[in-house]
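Presented below is the structure to which this report refers.
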There are 2 protein chains.
Amino acid sequence: MVRTRNRPTLKDVAKLSNCSIAVVSTVVNNAKGNTLVSDEMRQRVNQAAQHLGYRAHFASRTLKEKCSRTLGVYFPPVPWAGAGYGYEGAMIRGVEKACREFNYDLLLVNMAGDNDAQSCMDKFAESRIDGLVLMNVDDQHDWLPRLLDISSNVVAVDYSGRVDQLHAMLFDNRAAVRQAVEHLAALGHRRIGFISSCKARVHQDTFERKLAFIDTVKQMGLDDDDQLIFDTRFLGRVIEPDEECCMVEGQQAADHFLSLGDQRPTAILAYNDLSAVACMHRMMAQGVRVPNDICIMGIDDAELCQRVYPTLTSISHPLPEMGYAAASFLIKRSAPELRKTSQGNQVVRQIFAPTLIPRQSTAALR
Amino acid sequence: MVRTRNRPTLKDVAKLSNCSIAVVSTVVNNAKGNTLVSDEMRQRVNQAAQHLGYRAHFASRTLKEKCSRTLGVYFPPVPWAGAGYGYEGAMIRGVEKACREFNYDLLLVNMAGDNDAQSCMDKFAESRIDGLVLMNVDDQHDWLPRLLDISSNVVAVDYSGRVDQLHAMLFDNRAAVRQAVEHLAALGHRRIGFISSCKARVHQDTFERKLAFIDTVKQMGLDDDDQLIFDTRFLGRVIEPDEECCMVEGQQAADHFLSLGDQRPTAILAYNDLSAVACMHRMMAQGVRVPNDICIMGIDDAELCQRVYPTLTSISHPLPEMGYAAASFLIKRSAPELRKTSQGNQVVRQIFAPTLIPRQSTAALR
DNA sequence: TTGAAAGCGCTAACAT
DNA sequence: ATGTTAGCGCTTTCAA
């Protein structure tokens, strides 16, 4: 039925080149066994291997080497996540780049499934992966300590929770917010609105952005008014995870800010791009012009920012770089040929800087 | 340095439960070895296994079973592809669903790398994967026959090329175009423009959509005018793969159609959503109102359609279902426990129907 | 009802 | 310079 060509083994290559499998292994797979093989033999073996199309059997090698040369990537099973969305995908591309460079493979762990804790731990318990990149986990994932108990070769991207044994690649959320506010202030805005999340379960990063906004506004002496911060107080409820949450947040925030009349902000910063876009479109639908009547910007610089009209000013979140750093870190600690090089035992927390990406949705205050 | 808990093996469980590894294997891994094990023994073994947190070693089992219970997913390394973009991600989610149901794993093969042919073939040659889902491949991928020569457990999603031994999950492009045109005609439009691709290397599906448009317009007796079909003739050049191609196509098409004056179409169908969105925004920037002055729609129903303003009418391309079908197909042919069930040897070509998703960008002709 | 042992394909220590 | 062999962890046949 299913035909998969019978793959040649060391034995086949050995037979064809009239030598032992040890020699073949040494020559073909760069094994450390028989270091001294004559050039003539090397050539014969290589030819035979090439002719048969030999490739080392993955499972066999893994079994022997105690290393699968595979990394896993995990996202929490929330409806708006998964590799189909720009955010996660951008990070995966970075992870994949590192994997390619070091000849590692990439396993998608439980992309949208249930029982996430077990899946992650099982991959290690079964020796299916040598390391794991966690994306978008927070302290609600109470199994993180248990996971780390099974393997320390785990790194989170964007984790700002309380498990301090967890290696992490972090985005400087405070700096991002500050950059955004400074951009708007430089354009002359002093009355700036902020859209915070109204989700039932707020991600730590989201919360940090809100706090950073409050602090920055105070520090810079901008208008400091409770009404300028849209959150559950104004929504009057909490948004369940199955809703199109960012859309709802942005739309409701637009209505709230417009309802302020002459108290309304002249510029709005949203905690992420999707809610900024939703807010912008709702305002446009009400006849408000962006950026002429009001300016709007987001954070993260999702692909979406370039696709909407007007294009959305944002703060870039270097996800490919963060993914690359995360994967390289795991590989350097797990690859047999690199293990010695690896650093000490301290927890790694690398912080990535934001960059302002100015686009059409922000302009000087008239 | 890297600590990964020493995983228990069959031997450990056997020692703890005072029996042989054969019995443990039978009990714990549902192996077919010692079918007759006393209930008392079963319980003892299960307890021991649970206590030690035993899980079968993946590579060891793969080596013995000659089956890795892993599928690969491959995308061509074009700049606009990769799991970061909605199109591929939607399909992966379907693939992942099937994998979860059958306890398979999912490997990302060369997401954005070079040497794609070799990567795909190597994964089979190394027995790393049991099956492969190819996305967006066409006849320019001249290594498809070589790949099929290594393994027949390959299925393409959206392949309309000449390699007829390749199993494929297909989108009914002709029906999609027809549905789109019928939708516009039903709204009273008789003068419909079409945006075709100007890429240097046109995907077969894209080409089919153009042909289908020409046919449909003729069949339905709508305005049949060469100027209404935007393609390289009007762009005057070909778009290289590294350009933001769909954006360029959409924007140039907008300029072309607007330049037609009173000959301009009252509605436009684009071969995909991104070029439709680009066209729409360019027109809006020129003061043209959508849908009041002109209607626009796309094909594929990317997530983007819901995010832009006005929201974009489109034709849905059931990628999750196609991915699910592709993966199930591969699994049913490779899983040892299902192999007998699988169908005959004929090539499978399953066709998926389009669905109209009406949104704000199309409305009745004034 | 249970145990012993061969063997999957590979690496590396050791023997020749 | 090359060959022999043990063993990685598992499944399964066969013997007890």
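Because the structure is predicted, anything quoted here is derived from the model rather than measured. Chain A is the first sequence line, chain B the second, and so forth, proteins listed ahead of strands; every chain is numbered from 1.
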If a protein heavy atom is under 4.0 Å from the base, mark B; if only from the sugar-phosphate, S; if neither, -; do that for nucleotides 9-16 of chain D going 5' to 3'. BBBBBB--
Checking A:Lys64 now: which residues fulfil salt bridge (Lys or Arg N to Asp or Glu O under 4.0 Å) with it, not counting sequence neighbours? none
Under 4.0 Å from any heavy atom of chain B: name the first and the last nucleotide of DNA chain C that qualifies, 5' to 3'. C:dT1 to C:dG9
So which of B:Leu71, B:Leu106, B:Val73 actually passes side-chain contact (heavy atoms from CB on, under 4.5 Å) with B:Glu96? B:Leu106
Under 30°, 30 to 60°, or over 60°: which ring-plane class applies to A:Tyr74 and A:His141, parallel, tilted or perpendicular? perpendicular
Taking the side chain as C-beta and beyond, is there a heavy-atom pair between A:Gln165 and A:Ser152 under 4.5 Å? no
Given side chains that start at C-beta, do those of B:Leu330 and B:Tyr104 come closer than 4.5 Å, heavy atoms only? no
Is there a donor-acceptor pair closer than 3.5 Å between any side-chain N or O of B:Arg55 and the backbone N or O of A:Glu126? no
If we ignore hydrogens and angles and just use 3.5 Å, is the side chain of B:His57 paired with the main-chain N or O of B:Ala59 as donor and acceptor? yes
